[in-house]
Amino acid sequence: MEDLSFSPMSRVAICGGTHGNEMTGVYVIQEMEKKKKDKVGNSVTVTTVLSNPEAVKVCRRYIDKDLNRCFTDILLSAPLSASSPYEMKRAHELNALLGPKGNLQAVDFLCDIHNTTANMGMCFILNGFDWIALHLFKYVKGKTTFGPVRAIQFNTTLPEAYSLESVGKHGFSLEVGPQPTGVVRADVYNMVTETLDLIMDWLEKLNSGSTFEGGEVEAYCQTGVLDYPRDPTTDEIIAAIHPQLQDNDFKLLRAGDPIFQSFNGETVKYEGEEAYPFFVNECAYYEKRIAFQLARKISICLPSVCVKKD
């Protein structure tokens with residue numbers, strides 16, 4: 001595979017509180033701002049952003065609309081009015097601050113910190129084949145003192161990408177759990193701060209002229225979602241995640257494996273093709289009619305990357 005060169009990753013944004021009750025990002029950003037950590041090294045300048053301050057104030061996921069679904073090209077180009085949802089207005093503000101999305105003026109790299117109530121460990125969530133993001137994942141996975149570290153890939157085009165990290169030229173979301181909403185856990189917090197330190201270390205090395213050799217990384221490519229069983233008349237949920245699936249994110253799921261236990265004690269079995277479940281019983285996804293998402297495991301061959309020489 002042909003080697004690739006990129007412009008220096010000199011402008012970096014670290015965001016937290018995109019969902020106002022996911023507390024690791026909130027406290028990481030607050031701590032970075034207390035320390036005035038706007039300079040990480042000679043070549044990287046970091047902007048810290050508390051993405052959804054109004055939701056953070058009331059410790060809610062959002063005020064009017066899920067902010068992390070507001071960054072498609074269509075939504076960012078839609079006119080605003082006084083009655084527009086708060087998060088739509090905030091998305092336009094963040095796009096102006098960190099973007100515009102798809103523009104050369106956008107920040108070089110954007111990392112958005114999230115928590116999940118699912119037992120997923122540390123996950124890098126990215127859109128498509130972002131070689132910078134995938135190399136960062138490879139570097140962090142090989143350096144962390146904790147585990148596991150996984151990559152989740154969504155095959156979404158940039159105009160359709162709805163999450164905040166898509167505003168940057170490169171980027172990903174860090175999804176870390178399990179952690180209840182409105183709660184901060186020291187072990188999860190430490191995982192994120194260690195990951196951020198490694199990210200900055202890699203960016204500094206890249207900007208200083210280091211070449212990062214290619215190789216292969218394993219990723220989970222999202223293929224679909226499953227909803228909870230529902231009453232056909234009332235549409236109410238009539239089953240919970242089966243105990244054999246609960247907390248077993250990324251464990252291979254085969255046809256016949258139990259996935260739900262109805263409230264009258266019956267077991268519902270999986271009927272699809274082999275897949276890897278993730279976001280299992282994520283609290284915030286009840287409103288989205290998602291019990292868990294499904295993925296296939298893929299191997300991605302990375303090119304070597306370096307910074308463009310003058």
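Nearest heavy atom pair, residue Ser51 against residue Leu67, reads O-CD2, 3.8 Å. Of all the heavy atoms in Ala133 and Gly171, the pair that sits closest is CB-O, 3.8 Å. Nearest heavy-atom pair, Val44 versus Val12, reported as atom, atom and distance to 0.1 Å: CG1-CG2, 3.7 Å. Across all their heavy atoms, Ala219 and Ile300 have their closest contact at CB-CD1, 3.9 Å. The two residues Gly168 and Leu110 have their closest heavy-atom pair at N-CD1, 4.1 Å. Closest non-hydrogen pair, Ala13 versus Val107, comes out as CB-CG2, 4.3 Å.
Connection of Phe212 to Met9 is established within a shared hydrophobic cluster, with ILVMFWY side chains joined at heavy-atom distances below 4.5 Å, either directly or through further cluster members. Val46 and Ile132 fall within a single hydrophobic cluster, where Ile, Leu, Val, Met, Phe, Trp and Tyr side chains are chained together by heavy-atom contacts under 4.5 Å. Val217 is not connected to Phe154 by any chain of hydrophobic side-chain contacts under 4.5 Å among Ile, Leu, Val, Met, Phe, Trp and Tyr, and they are in different clusters. Under a hydrophobic-cluster definition in which Ile, Leu, Val, Met, Phe, Trp and Tyr are linked whenever side-chain heavy atoms come within less than 4.5 Å, directly or via other members, Met200 and Val307 are assigned to different clusters. Tyr286 and Val183 fall into different hydrophobic clusters, defined by Ile, Leu, Val, Met, Phe, Trp and Tyr side-chain heavy atoms under 4.5 Å apart, directly or through other members.
The residues Arg289 and Asp235 are annotated as salt-bridged, a charged nitrogen and a carboxylate oxygen being separated by less than 4.0 angstrom. Between Arg90 and Glu93, at least one side-chain N (NZ, or NE/NH1/NH2) sits under 4.0 Å from a carboxylate O, which counts as a salt bridge. Between Arg150 and Glu218 there is no salt bridge, since no side-chain nitrogen of the basic residue lies less than 4.0 Å from a carboxylate oxygen of the acidic one.
Distance check: Leu196 CG to Cys111 SG gives 5.5 Å after rounding to the nearest 0.5 Å. Rounding to the nearest 0.5 Å gives a distance of 13.5 Å between CG of Asn248 and CD1 of Ile259. Going from atom CZ of Phe278 over to atom CD1 of Ile152 covers 4.5 Å, rounded to the nearest 0.5 Å. Rounding to the nearest 0.5 Å gives a distance of 8.0 Å between SG of Cys123 and CG of Asp249. Of the inter-residue distances, the one linking His19 atom NE2 with Tyr62 atom OH reads 8.5 Å to the nearest 0.5 angstrom. Once rounded to the nearest 0.5 Å, the distance linking CD of Glu33 with CD1 of Ile14 reads 12.0 Å.
For Glu236, the CD atom is loosely surrounded, since the number of other residues' heavy atoms within 6.0 Å does not exceed 12. Enclosure of atom NZ in Lys288 by more than 12 non-hydrogen atoms of other residues, nucleotides or ligands within 6.0 angstrom is indicated.
At least one donor-acceptor pair under 3.5 Å links the side chain of Lys89 to the backbone N or O of Ala82. Side-chain atoms of Lys308 never come within 3.5 Å of backbone atoms of Ser5 as a donor-acceptor pair (strictly under, hydrogens ignored). Panel note: side chain Thr223, backbone Leu294; a donor-acceptor pair is recorded below 3.5 Å. Of the possible polar contacts, one joining the Lys101 side chain to the Leu158 backbone as a donor-acceptor pair under 3.5 Å is found. A donor-acceptor pair under 3.5 Å is absent between the side-chain atoms of Ser173 and the main chain of Glu175, judged by distance alone. Looking at Asp108, its side chain never comes within 3.5 Å of a backbone N or O of His170 through a donor-acceptor pair. Side-chain atoms of Asp64 do not come within 3.5 Å of backbone N or O of Glu87 as any donor-acceptor pair. Lys269 contributes no side-chain N or O that, together with a main-chain N or O of Ala255, makes up a donor-acceptor pair within less than 3.5 Å. Side-chain atoms of Thr195 come within 3.5 Å of backbone N or O of Met191 as a donor-acceptor pair. Between the side chain of Asp201 and the backbone N or O of Asp197 there is no donor-acceptor pair closer than 3.5 Å.
Side-chain contact of Ser83 with Ser81: a donor-acceptor pair under 3.5 Å is present, judged by distance alone. Side chains of Ser299 and Glu216: a donor-acceptor N/O pair is present below 3.5 angstrom, by distance only. Looking at Asn281 and Tyr228, their side chains do bring a donor and an acceptor atom within 3.5 Å of each other. A side-chain donor from one of Ser163 and Glu165 sits under 3.5 Å from a side-chain acceptor of the other.
Contact annotation: the side chain of Phe146 never approaches that of Asn190 to less than 4.5 Å [non-hydrogen atoms, C-beta and beyond]. Two residues are said to be in side-chain contact when any heavy atoms from C-beta on lie closer than 4.5 Å; Gln105 and Pro100 meet this criterion. Within the 4.5 Å cutoff, the side chain of Glu282 has heavy atoms near those of the Thr117 side chain. When side chains are defined from C-beta on, Leu245 does not count as touching Tyr270, because their heavy atoms never get closer than 4.5 Å. Taking 4.5 Å as the limit, some side-chain heavy atom of Tyr27 sits within range of a side-chain heavy atom of Tyr189. No side-chain heavy atom of Gln244 sits under 4.5 Å from any side-chain heavy atom of Lys251. With contacts defined as side-chain heavy-atom distances shorter than 4.5 Å, the pair Val140/Phe124 qualifies. Counting heavy atoms from C-beta on, the side chains of His92 and Leu75 never come closer than 4.5 Å.
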Open item on the list: For Leu126 and Gln153: C-alpha separation, side-chain torsions, deciding distance, then whether side chain to side chain contact (heavy atoms under 4.5 Å, CB included) applies.
Closed with: CA-CA 5 Å; Leu126 51 103; Gln153 182 198 44; 4.3 Å; yes
TODO: Could you walk me through whether Arg61 and Glu22 pass side chain to side chain contact (heavy atoms under 4.5 Å, CB included), step by step?
DONE: CA-CA 7 Å; Arg61 183 174 175 84; Glu22 296 177 3; 3.3 Å; yes
TODO: Could you give me the CA-CA distance, side-chain angles and deciding distance for Cys15 and Leu98, then say whether side chain to side chain contact (heavy atoms under 4.5 Å, CB included) is met?
DONE: CA-CA 10 Å; Cys15 303; Leu98 304 174; 3.9 Å; yes
- [ ] Evaluate the side chain to side chain contact (heavy atoms under 4.5 Å, CB included) criterion for residues Leu203 and Ile199: first the C-alpha distance (whole Å), next the side-chain angles of each, then the deciding distance (0.1 Å), finally the verdict.
- [x] CA-CA 6 Å; Leu203 293 171; Ile199 288 170; 3.9 Å; yes
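Aromatic ring centroids of Phe292 and Tyr276 lie 6.0 Å or more apart. Aromatic pair Phe250/Tyr220: centroids less than 6.0 angstrom apart. In this structure, Phe279 has its ring center under 6.0 Å from that of Tyr285. Phe6 has its ring centre no less than 6.0 Å from the ring centre of Trp131.
Contacts of Asn207 classified as side chain to side chain donor-acceptor pair (under 3.5 Å), with partners at least two apart in sequence or in another chain: Ser43.
Each of Asp66, Asn52, Asp112 was scored for a side chain to side chain donor-acceptor pair (under 3.5 Å) with Thr18, with one residue passing: Asp112.
Every pair tested for salt bridge (charged side-chain N to carboxylate O under 4.0 Å, His left out) that includes a residue from residues 128-140 fails, sequence neighbours excluded, so the list is empty.
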